[in-house]
Amino acid sequence: MARLTVAAIIPTKNRASLLAGIVERLLAQTATIDELVIVDQSDTDDGRIAVRRVLEAAPASRRPALDHVWDRAINGAAAARNVAFDRAHSDVLLCVDDDMEPAPDAIERLLQHLAAEPQLAAVTPVITNYEAPALTHRLVSQIFFRGPFHDDRQPVYWRGAGQRERLVDVGMLGAGMIAIQRSALAHIRFDPRYRGASLGEDLDLSWALRARGGKLAIATDAHVIHRKAPRPASRHEEAMLTSWGFVYAKHQPKTLANRLAFAWFVTGVATTAAVAALRARSLTPLRSVRAGLFNIRHDYSRCSFLTPPTAPTVDATGAPGSRRHNLVV
């Protein structure tokens with residue numbers, strides 16, 4: 001079986017120590033990295049210096065070809081990955097964020113699955129440090145998030161490393177660490193409207209790959225830890241409605257079943273927000289729902305992670321118009 005070449009793609013911003021750490025882990029993998037494409041949006045050149053030190057300390061046989069792009073005008077991980085997609089040349093494009101900690105054999109196992117199943121467009125390792133949410137959260141997901149809004153990744157993450165099945169077919173993948181066949185990616189890119197610390201760009205890419213007939217899977221024999229940085233406490237309803245609403249409007253056919261599934265999804269988010277508002281004796285959760293619905297109905301004009309549209313959007317039939325015309329809320 002011919003060896004697949006690999007380009008590791010790392011978007012980063014102002015996290016030189018994390019960048020150095022993930023480069024060290026990539027060089028220590030049992031599978032050799034052929035290209036290292038870093039798209040650095042940092043304010044300083046500290047990341048480039050840190051990566052150079054790591055590469056100089058590594059054996060010559062383990063050093064990949066380095067392409068370090070330092071450009072503060074690039075806005076967000078999605079845009080950074082798009083830049084790297086156009087610069088890399090390997091068979092497999094491995095997107096990996098700087099806060100991921102893959103097991104030493106993670107890449108080798110991902111490549112084995114890609115080589116064994118040519119129809120596999122993209123595969124991710126299982127994230128082993130995700131804890132299962134409370135029972136009420138899981139019940140809400142099972143009841144309200146149906147059809148295209150069912151996130152089948154989460155149960156695989158909750159079961160962690162102790163799973164017998166080595167390859168689990170799913171409908172969507174996370175972009176934190178994902179190995180993509182270049183032949184399956186073709187001209188697919190992350191939507192250019194995503195900016196900053198965006199939400200939903202992984203759904204967007206996943207549904208675009210599936211639309212071309214690609215198979216997506218999680219490899220449970222490949223493990224990674226996600227060291228999420230602490231984030232300020234905030235309501236999630238607006239981001240949830242906005243991110244899912246955007247990819248639904250873009251990718252899903254507006255059949256009666258999908259329209260009902262979307263309306264039921266919105267009902268679930270609103271219901272849980274109402275319960276949270278009663279418990280907290282605050283209208284903040286409901287205001288968050290209202291903000292999400294406003295984004296959906298007004299082409300995401302107030303969304304913090306989607307740029308305003310510069311031209312009329314096009315629906316599935318090719319007719320121009322606003323995405324809000326395709327939604328039932």
Undergrad: Stepwise, does the side-chain contact (heavy atoms from CB on, under 4.5 Å) test hold for I178 with V123?
TA: CA-CA 6 Å; I178 177 173; V123 61; over 6 Å; no
Undergrad: Search all heavy atoms of L93 against all heavy atoms of A88 and return the closest pair with its distance.
TA: CD2-CB, 3.7 Å
Undergrad: Checking side chain to side chain donor-acceptor pair (under 3.5 Å) for the pair E238/S288: CA distance, chi angles, key distance, verdict?
TA: CA-CA 5 Å; E238 177 183 359; S288 182; 5.0 Å; no
Undergrad: Hey, are the side chains of L120 and Q181 touching, using non-hydrogen atoms and a 4.5 Å cut-off?
TA: no
Undergrad: Check the hydrophobic clustering (I, L, V, M, F, W, Y; side-chain heavy atoms under 4.5 Å; chains of links allowed) and say if L286 and V266 are grouped together.
TA: no
Undergrad: What about V289 and F144, same hydrophobic cluster or not, with Ile/Leu/Val/Met/Phe/Trp/Tyr joined at side-chain heavy-atom distances under 4.5 Å?
TA: yes
Undergrad: Show me the donor-acceptor pairs within less than 3.5 Å that the side chains of residues 45-61 make with the rest of the protein, sequence neighbours left out.
TA:
residue : atom : partner : partner atom : Å
D45     : OD1  : R48     : NE           : 3.1
D46     : OD2  : T44     : OG1          : 3.2

Undergrad: For D191 and E201, what are the C-alpha separation, side-chain angles and deciding distance, and is it a side-chain contact (heavy atoms from CB on, under 4.5 Å)?
TA: CA-CA 7 Å; D191 195 301; E201 75 271 17; over 6 Å; no
Undergrad: Which of these passes side-chain contact (heavy atoms from CB on, under 4.5 Å) with V23: D98, I33, L36?
TA: L36
Undergrad: Do L66 and I9 share a hydrophobic cluster, counting only Ile, Leu, Val, Met, Phe, Trp and Tyr and linking them when any side-chain heavy atoms are less than 4.5 Å apart?
TA: yes
Undergrad: Are more than 12 heavy atoms, taken from residues, nucleotides or ligands other than R62, located less than 6.0 Å from that residue's CZ atom?
TA: yes
Undergrad: Is R3 salt-bridged to D34, going by a charged N under 4.0 Å from an acidic O?
TA: yes
Undergrad: Does one hydrophobic cluster hold both W207 and L205, with members joined at side-chain heavy-atom distances below 4.5 Å?
TA: no
Undergrad: Are the side chain of T242 and the backbone N or O of N295 linked by a donor-acceptor pair below 3.5 Å?
TA: no
Undergrad: Measure the CG-CG distance between L94 and L111 for me, rounded to the nearest 0.5 Å.
TA: 8.0 Å
Undergrad: Do M177 and P102 have side chains that get closer than 4.5 Å, going by heavy atoms?
TA: yes
Undergrad: Run the side-chain contact (heavy atoms from CB on, under 4.5 Å) check on V69 and I38 step by step: do they pass?
TA: CA-CA 6 Å; V69 180; I38 300 171; over 6 Å; no
Undergrad: Does any N or O in the side chain of H251 come within less than 3.5 Å of the main-chain N or O of V247, such that one atom is a donor and the other an acceptor?
TA: no
Undergrad: Would you call E237 and R287 a salt bridge, taking side-chain N to carboxylate O under 4.0 Å as the test?
TA: no
Undergrad: Tell me whether R290 at atom CZ has more than 12 heavy atoms from other residues, nucleotides or ligands lying less than 6.0 Å away.
TA: no
Undergrad: Find out whether the Lys NZ or Arg CZ of K254 is both under 6.0 angstrom from the six-membered ring centre of F262 and within 45° of the ring's axis.
TA: no
Undergrad: Would you say T5's side chain and D91's backbone share a donor-acceptor pair under 3.5 angstrom?
TA: yes
Undergrad: Main chain of G245, side chain of Y300: is a donor-acceptor contact present, judged purely on distance under 3.5 Å?
TA: yes
Undergrad: Considering residues at least two apart in sequence or located in another chain, which fulfil the ring pair (Phe, Tyr, Trp, His ring centres under 6.0 Å) criterion with W158?
TA: none
Undergrad: How far does CE of M172 sit from CG of L216, to the nearest 0.5 angstrom?
TA: 9.5 Å
Undergrad: List for me each residue that meets side-chain contact (heavy atoms from CB on, under 4.5 Å) alongside E165, sequence neighbours excluded, and say none if there are none.
TA: V168
Undergrad: Got a second to check how far N75's CG is from D71's CG, nearest 0.5 Å?
TA: 11.0 Å
Undergrad: Check this for me, if you would: do R81 and D86 make a salt bridge, where the nitrogen-to-carboxylate-oxygen distance has to be below 4.0 angstrom?
TA: no
Undergrad: Evaluate the salt bridge (charged side-chain N to carboxylate O under 4.0 Å, His left out) criterion for residues D221 and R109: first the C-alpha distance (whole Å), next the side-chain angles of each, then the deciding distance (0.1 Å), finally the verdict.
TA: CA-CA 7 Å; D221 57 343; R109 293 182 181 275; 3.6 Å; yes
Undergrad: Might you point out which heavy atoms bring P192 and T307 nearest each other, and give the distance in Å?
TA: O-OG1, 4.4 Å
Undergrad: Determine which pairs satisfy ring pair (Phe, Tyr, Trp, His ring centres under 6.0 Å) with at least one residue from residues 89-139, sequence neighbours left out, and list them in order.
TA: Y130-Y157
Undergrad: Is the NZ or CZ atom of R189 both under 6.0 Å from the centre of the six-membered ring of F85 and within 45° of that ring's axis?
TA: no
Undergrad: Between P125 and L110, which heavy-atom pair has the shortest distance, and what is it?
TA: N-CD2, 3.8 Å
Undergrad: When the ring centroid of Y194 is compared with that of F246, is the distance short of 6.0 Å?
TA: yes
Undergrad: Mind checking salt bridge (charged side-chain N to carboxylate O under 4.0 Å, His left out) for E117 and listing every partner two or more places apart, or none if nothing turns up?
TA: K215
Undergrad: State whether R72 and D43 are salt-bridged, where the test is any N-O pair (Lys NZ or Arg NE/NH1/NH2 against Asp/Glu carboxylate O) under 4.0 Å.
TA: no
Undergrad: How close do K250 and D204 get, counting heavy atoms only, and between which atoms?
TA: NZ-OD1, 2.9 Å
Undergrad: Verify whether the ring centers belonging to Y248 and F149 lie closer than 6.0 Å.
TA: yes
Undergrad: Compute whether any side-chain donor of one residue and acceptor of the other, for D40 and S42, lie under 3.5 angstrom apart.
TA: yes
Undergrad: Where is the tightest heavy-atom contact between A80 and V39, given as atom of each residue plus distance?
TA: O-CG2, 3.4 Å
Undergrad: With the side chain counted from C-beta on, respond yes when P308 and D299 share a heavy-atom pair under 4.5 Å apart, and no when they do not.
TA: no
Undergrad: Residues two or more places apart in sequence or in another chain: which of them pass side-chain contact (heavy atoms from CB on, under 4.5 Å) with I225?
TA: E101, T128, N129, R227
Undergrad: Looking at P253, is its backbone amide N or carbonyl O close enough to the side chain of N258 to form a donor-acceptor pair, meaning the two atoms are under 3.5 Å apart?
TA: yes
Undergrad: Ignoring hydrogens and geometry, is there a side-chain-to-backbone donor-acceptor pair from W244 to F265 under 3.5 Å?
TA: no
Undergrad: Do T12 and Q41 come close enough that some side-chain heavy atom pair is under 4.5 Å?
TA: no
Undergrad: In terms of hydrophobic clusters joined by side-chain contacts under 4.5 Å, are I74 and L18 together?
TA: no
Undergrad: Determine whether L306 and S301 make a side-chain contact, defined as any pair of heavy atoms from C-beta on separated by less than 4.5 Å.
TA: no
Undergrad: Measure the OG1-CD1 distance between T271 and I143 for me, rounded to the nearest 0.5 Å.
TA: 10.0 Å
Undergrad: Given 3.5 Å as the limit, does a donor-acceptor pair link the side chain of E35 with the main chain of S90, or not?
TA: yes
Undergrad: Would you give the length of the straight line joining atom CD of Q112 to atom CD1 of I107, rounded to the nearest 0.5 angstrom?
TA: 12.5 Å
Undergrad: Run the salt-bridge test on R87 and D67 with the 4.0 Å N-O cut-off and return the result as yes or no.
TA: yes
Undergrad: Run the salt bridge (charged side-chain N to carboxylate O under 4.0 Å, His left out) check on R153 and D151 step by step: do they pass?
TA: CA-CA 6 Å; R153 300 169 298 181; D151 190 346; 2.8 Å; yes
Undergrad: Does atom CD of Q119 have more than 12 heavy-atom neighbours, drawn from other residues, nucleotides or ligands, at distances under 6.0 Å?
TA: yes
Undergrad: Roughly how far apart are I218 CD1 and L167 CG, rounded to 0.5 Å?
TA: 9.5 Å
Undergrad: To check you understand the geometry: which heavy-atom pair defines the closest contact between L26 and I10, and what is its length?
TA: CD1-CD1, 3.8 Å
Undergrad: Are R195 and F305 in a cation-pi setup, meaning NZ or CZ lies under 6.0 angstrom from the ring centre and within 45 degrees of the ring axis?
TA: no
